[in-house]
Number of protein chains: 2
Amino acid sequence: MEKGKISQDRIVTAATQLFYTQGYNQTSVSDIASEIGITKGNLHYHFRSKDELLEAVINHRLHYITDSLEQWDKEFPEPKARLKRFVKMVLNQESEIMRYGCPMGSLNVELGKCQDSLRNKARAMFDEFANWLEKVFKQMGHKDSKTLSKHLLSMAQGAALMSYVYADGKLLKRELKEIEKWIDSLAQK
Amino acid sequence: MEKGKISQDRIVTAATQLFYTQGYNQTSVSDIASEIGITKGNLHYHFRSKDELLEAVINHRLHYITDSLEQWDKEFPEPKARLKRFVKMVLNQESEIMRYGCPMGSLNVELGKCQDSLRNKARAMFDEFANWLEKVFKQMGHKDSKTLSKHLLSMAQGAALMSYVYADGKLLKRELKEIEKWIDSLAQK
DNA sequence: GACATTCTAGTACGATCGTCCTAGTATTGC
DNA sequence: GCAATACTAGGACGATCGTACTAGAATGTC
């Protein structure tokens, strides 16, 4: 549609990548601008502040998450298959997680020590997954679906963090396999 | 002893706290200096660079970890009691973890995206725990002690991260209880 | 084809940061 | 008591950052 959206999307895409690989505080607006070959002043026209750009980046991630979850719902009617699809998503990102950590987890860790507004924004990504997982566990007939949802996220985050710290892909695979065993052991309906 | 050590210790103590609560990159040397009522120039005399100060902070943490582990070895001859002491340590830090995350985990996440030398330094804290846990699992007669060690750390890190993101102390307690159940279920000798 | 809007480039500003220099003050060893 | 050392205070430096301003180019509309 509008031409403007193209530049804006390019900025958000580049910022998403750089915020992930370098961290939010370690990435300057000049870094983002030069990454896509525009000037700082131009970027400022599209996003008046770095915070505003971060918000766009988080929204970009949120939309991607929402779309993925919707897709999974369509593809997998079975609750356990849905849970395993979640685990598979983590596995698919193995090399990125090893090098840069979990994009959701590390951003939350970094922004948690900034202003509260950013902290809440970043947490929304977790909520997206947490609510979806909760729904799945409820579908399986579990009363403590909230607890189970957070438990699964907790295990996945721990696995991602450890494999990042040790740059160890095998560690991630091992831990994810443990999570799958846990899923298998769950009662259903 | 030497008078000098007093100032240096005060600097390292303040830096340790501020790096933890605000993050390394979000803490300026002025912050640290003014925290203990000295000037930037004075701090520069003791630590010629921020990196040098960070190294001192990490060494400070490393010594504290080493001392704790030695203490635990003395207090608890039973391997499972040692593992549970580790879990208890996490529980004891509940309020800090809720507000600032795991001091070891969040520092590793932040420094991982900086220079490699800092990354390796930060990882040494994990190694301290990992090697100790490995020793304990070996003591229990487990061949896969390395895997179990990382698995326990992984679960603990996941719990800390999630309780931090959601500022939820109950979540941490619940996850730690799950870890204790896992410890109880382990075969011994 | 003229006009309004949208976009872009380049630059400048104020603030903050890590680092360093200098000069003076305390402390120590002999 | 004196010289050498260790420490402190305060400020200056270059660099970098986020943000803002201005003028011109591109684009779309009627």
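Order of the sequence lines sets the chain letters (A, B, ...), proteins ahead of strands, with each chain counted from 1. Worth knowing before you read on, the calculation uses all heavy atoms, side chains too, and leaves out hydrogens, waters and symmetry mates. Just so it is clear, the model here is predicted, and its values are computed rather than measured.
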**Prompt:** Using 4.0 Å as the upper bound for N to carboxylate O, is an ion pair formed by B:E178 and B:R174?
**Reply:** no
**Asked** When the distance from CG of B:L18 to P of C:dG18 is rounded to whole Å, what number comes out?
**Response** 12 Å
**Request:** Going by the ring-ring contact (aromatic ring centres under 6.0 Å, His included) test, name the single residue among A:W132, A:F137, A:F129 that passes it with A:F86.
**Result:** A:F129
**Prompt:** Is any side-chain nitrogen or oxygen of B:H46 closer than 4.0 Å to OP1 or OP2 of D:dA6?
**Reply:** no
**Prompt:** Does a nitrogen or oxygen in the side chain of B:S7 sit under 4.0 Å from OP1 or OP2 of D:dT8?
**Reply:** yes
**Asked** Quick one: which of D:dT19, C:dT19, C:dG10 gets closest to the side chain of A:T39?
**Response** C:dG10
**Item:** Length of the line joining A:R48:CZ and C:dT8:C1', which is rounded to integer Å
**Value:** 17 Å
**Message:** Strictly distance-based, threshold 3.5 Å: is any side-chain N or O of B:K84 a donor or acceptor partner for the main-chain N or O of B:E180?
**Reply:** no
**Prompt:** Between B:Q26 (CD) and C:dC17 (P), how many Å, whole number?
**Reply:** 11 Å
**Message:** With a 3.5 Å cut-off and heavy atoms only, can you find an N or O donor on one side and an acceptor on the other between the side chain of B:K40 and the base of C:dT19?
**Reply:** yes
**Message:** Would you say A:Y45 places a side-chain N or O within less than 4.0 Å of OP1 or OP2 belonging to C:dC7?
**Reply:** yes
**Request:** Can you tell me the distance, in whole Å, between the CG atom of B:L53 and the P atom of C:dC17?
**Result:** 15 Å
**Prompt:** Taking only side-chain nitrogens and oxygens of B:H44, does any of them come within less than 4.0 Å of OP1 or OP2 of C:dT19?
**Reply:** no
**Prompt:** What is the minimum heavy-atom distance between B:S149 and B:A130, and which atoms define it?
**Reply:** OG-O, 2.9 Å
**Asked** For D:dA9, does OP1 or OP2 lie under 4.0 Å from any side-chain N or O of B:N42?
**Response** yes
**Complete:** Atom CG of A:L43 and atom P of C:dT6 are separated, to the nearest Å, by 18 Å
**Item:** Touch class at under 4.0 angstrom, heavy-atom based, for A:S28 against every strand present
**Value:** sugar-phosphate
**Message:** Taking the six-membered ring of B:Y164 as reference, does the cationic atom of A:R119 (NZ for Lys, CZ for Arg) lie under 6.0 Å from its centre and within 45° of its axis?
**Reply:** yes
**Request:** For B:F47 and C:dC17, give me the distance from atom CZ to atom P, rounded to whole Å.
**Result:** 20 Å
